[in-house]
Asker: 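Sharing a structure here in structure tokens format.
Lettering of chains follows the sequences in order, A, B, ..., and the numbering in each one begins at 1.
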Protein chains: 2
Amino acid sequence: MAKGNPPPLTPAAFQVLLALARGRAHGYRIMGFVSEITDGSVQLGPGTLYRTLARLAADGLVEEAPDMSEDEPHDARRRYYQLTGLGRQVAAREARLLERLTAAAADAGLLSRQEKSA
Amino acid sequence: MAKGNPPPLTPAAFQVLLALARGRAHGYRIMGFVSEITDGSVQLGPGTLYRTLARLAADGLVEEAPDMSEDEPHDARRRYYQLTGLGRQVAAREARLLERLTAAAADAGLLSRQEKSA
DNA sequence: TCAGATATATCCATCCCGGATACAACGAGA
DNA sequence: TCTCGTTGTATCCGGGATGGATATATCTGA
């Protein structure tokens, strides 16, 4: 099932969606999330981040959220973003693809045996 | 651990490595493998495939294998490829990254609840 | 021998990435 | 309140990857 290929998703775009799946956040924090999630092996530069955010917003996958930070002091520069319903669906679909690729990798013996790290 | 970011790997490059992790194969078959593994949601075009193979070979991640097809009739057009030791290491490292991203997605509730497919 | 499928390879326009740069707004301290 | 270093957003540019179209050669079957 699911043979169709609706709208493709670049790696950077998925990582941004994944960071926002935890909850609303502003750009600079998203960079930190991605670096944290990937244990530092993926680090988005500002160019990639803000361009990706703009594209995701234009495609209706994320939307700007009206500040509303309760614990943080409020900073007029920050722009908060959150997933839309569509954004969550697309992120979920991509996550299932990664899950499948990971399973295939395990199947091929790439994960079970300890491959020496380069 | 593993904070360094040695050589990055494009999605197409990883999918080719993953297909070859199952065993040696020729280009056209790799396309089929990738489509099969991803349930048709990822389909490499010939341009991407052969350019990616050439780059992976130049980087020492894959190498050409001397035909040696036992069950198949032999076809002079085909060029077989297989993973090198380095290629397997790099593929394994990327697989672990995908595993981590998948876990993060599950953590954010993208996999547990059934998100309606778009 | 001829037609169609298989298989590899290259070309080209488009898109994406990462780093550099610029600029605005915040907080701390004198 | 003035200044300074930091935080945060945004744009620009060069290098590289993508994918679709095209070209060409080889295999198979009629």
Asker: Within the side chain of B:Ser35, is there an N or O that forms a donor-acceptor pair under 3.5 Å with the backbone of B:Gly32?
Answerer: no

Asker: Side chain to side chain contact (heavy atoms under 4.5 Å, CB included) between B:Glu63 and B:Gln82: does it pass, once the steps are laid out?
Answerer: CA-CA 6 Å; B:Glu63 60 190 356; B:Gln82 60 188 6; 3.2 Å; yes

Asker: If you only use heavy atoms from C-beta on, which nucleotide in C:dC26, C:dT10, D:dC27 is closest to the side chain of A:Ala76?
Answerer: C:dC26

Asker: Do B:Gln43 and B:Val34 touch side chain to side chain, with heavy atoms closer than 4.5 Å?
Answerer: no

Asker: Can you tell me the distance, in whole Å, between the CG atom of A:Leu53 and the P atom of C:dC16?
Answerer: 14 Å

Asker: Can you tell if the side chain of B:Leu17 reaches within under 4.5 Å of the side chain of A:Leu110, non-hydrogen atoms only?
Answerer: no

Asker: Do A:Arg22's NZ or CZ and the ring of A:Phe33 fall within the cation-pi criteria of under 6.0 Å and 45°?
Answerer: yes

Asker: If a protein heavy atom is under 4.0 Å from the base, mark B; if only from the sugar-phosphate, S; if neither, -; do that for nucleotides 17-25 of chain D going 5' to 3'.
Answerer: SBBBB---B

Asker: Checking the side chain of B:Thr52 only, and the main-chain atoms of B:Thr48 only, is there a donor and an acceptor separated by less than 3.5 Å?
Answerer: yes

Asker: List in chain and number order the residues that pass side chain to side chain contact (heavy atoms under 4.5 Å, CB included) with B:Pro46, two or more places apart in sequence or in another chain; answer none if no residue qualifies.
Answerer: B:Tyr50

Asker: For the backbone of B:Leu98 and the side chain of B:Thr102, can you confirm whether one donor and one acceptor N or O come within less than 3.5 Å of each other?
Answerer: yes

Asker: For DNA chain D, what residues of residues 26-36 of chain A have any heavy atom nearer than 4.0 Å?
Answerer: A:His26, A:Gly27, A:Tyr28

Asker: What is the distance, to the nearest angstrom, from the CZ atom on A:Arg78 to the C1' atom on D:dT6?
Answerer: 12 Å

